[in-house]
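Because the structure is a prediction, the values reported are computed rather than measured. Every number for a ligand or one of its atoms is a count from 1 in the order of the listing.
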Amino acid sequence: MEKIVALCKRRGFVYPNSEIYGGNQGFYDFGPLGVEMKNNLKRLWWKWMTVEHENIVGIDGAIITHPRVWEASGHIKSFTDPLVECKACHHRFRADDLAEKKCPDCGGELTEPRNYNILMETSLGVIEGEKTKAYLRGEACQTIYLDFKNVLQSTRLKIPFGICQIGKAFRNEITPGNFLFRQREFEQWDLQWFCHPRQMEEYFEFWKKERMNWYRSLFTHPEKLVFYEHQKLAHYAKRAYDIQYSDSPFDGKEIEGIHWRGDWDLSRHGEFSKQDLSYTDPETKEHFIPNIVETSGGVDRTFLFLLIDSYTEEKERIVLRLHPLVAPFKVAVFPLLANKQDLVQKAKQVFLSLKSEIAVTFDDRGNIGKRYYSQDEIGTPWCVTIDYQTLDDNTVTVRDRDTTKQERISIDKLRDFFKNKLTAI
Ligand code: ATP
């Protein structure tokens, strides 16, 4: 983990937030490479949800909702974690994170656990004393329930259908830590699948498999992704599974949850808002509250697990064996020598000819070996070198990150070569 955290900072994947002020625990910024990789992930998720499946549409809801939403959802009452405090040093911890009943910092005695609400508060309004308490959303999915009726009325969708969303969530975690794993501000990707109660079994199984297949398609070690079935369930849930990444510092911790939510969410919001959130089947005229299968995953946790999964140390190099569609750059272009104008010029031409269609970077610093290692470390799948032969026959070498094998390709075939590689995945 320390090596990955250091690499992330050194190469511009992830920086600690507000570092010049000493940091801000539980908050991180994504740097130039990190934002590319994160956007790649979000695009892949979005495309897979909305293009590869029928009957799924997206929304992008507000972060702050009406405060009653969190009463209806149960968060104000029970979005809590057990907090203990050390009687000696007054450091606070999440009781269920501790292996022993003593302070991990000074060994002191701990208080009895008390429930601590992790919803983040803010206030709305401009007049002091008349401000209304509001909450930054503790989970992104609530906005989907709020917009269920709007989506139904403004589209021609019929049940079963899904609404998906990628968005920020905020939690005042007692012990943020483990880098991106437990933050106070993070991003979730959610699908809420609305169906007839009779279809729940079928769709629960369907989405469980689909989501696992999606994660497995992106990881270098798909066999490390496993299901964990929850034994302790929320009172409304019939079944719940986590997708976990095993053989890592985060064994037994979830990347995504697949939850059987039944009619809990729409019933509660119907009751609290006094609006009718039921559905009438246009053919059978049957009237019912749609049931929900939820898939709720963490963008940041996926990002972190992909780094853990792809990080490889070899004799002379560090390689991120990232899936090419996830890698920040797909191709790096180099002139063999930085001080030979004709090579540099040709390399710039190749770089510019690829730039509008493929995520490509240019590098002419140091020697060629160093440039390869530098690209391996950030997961760039292919490196293109312009050498003296290029000036004679218009071919370049393409080096593969994983095998380090090189092949010669004609410049006019280069764009199609990479596009074919990327679409074949
Ligand atoms: P955990 O038990 O690990 O706290 P959770 O059960 O509270 O997770 P959910 O409420 O189901 O998590 O949220 C859905 C997803 O959001 C999780 O699978 C995880 O990937 C992500 N997530 C939850 N809390 C955090 C956090 N503090 N930092 C980063 N990602 C998070």
Which residue and heavy atom of the protein sit nearest atom 19 (C) of ligand 1, plus the separation: Arg301 NH1, 3.5 Å
Close approach, Asp190 and ligand 1, non-hydrogen under 4.0 angstrom: no
Salt-bridge criterion met for Arg239 and Glu205 (N-O under 4.0 Å): yes
Ligand 1 contacted by Asp300 (non-hydrogen, < 4.0 Å): no
From Asp309, Asp402, Thr220, residue fulfilling side chain to side chain donor-acceptor pair (under 3.5 Å) relative to Arg321: Asp402
Between Phe194 and Tyr279, ring centroids under 6.0 Å: no
For ligand 1, the portion of Glu173 having any non-hydrogen atom under 4.0 Å away: side chain
No-hydrogen, no-angle side-chain donor-acceptor test under 3.5 Å, Arg43 and Asn40: yes
Non-hydrogen atom of Glu139 closer than 4.0 Å to ligand 1: no
Min N/O separation His259 to ligand 1 under 3.5 Å: no
Shortest protein heavy-atom distance from atom 11 (O) of ligand 1, along with the residue and atom involved: Glu254 OE1, 3.5 Å
Close approach, Gln183 and ligand 1, non-hydrogen under 4.0 angstrom: yes
Any N/O pair Arg182/ligand 1 closer than 3.5 Å: yes
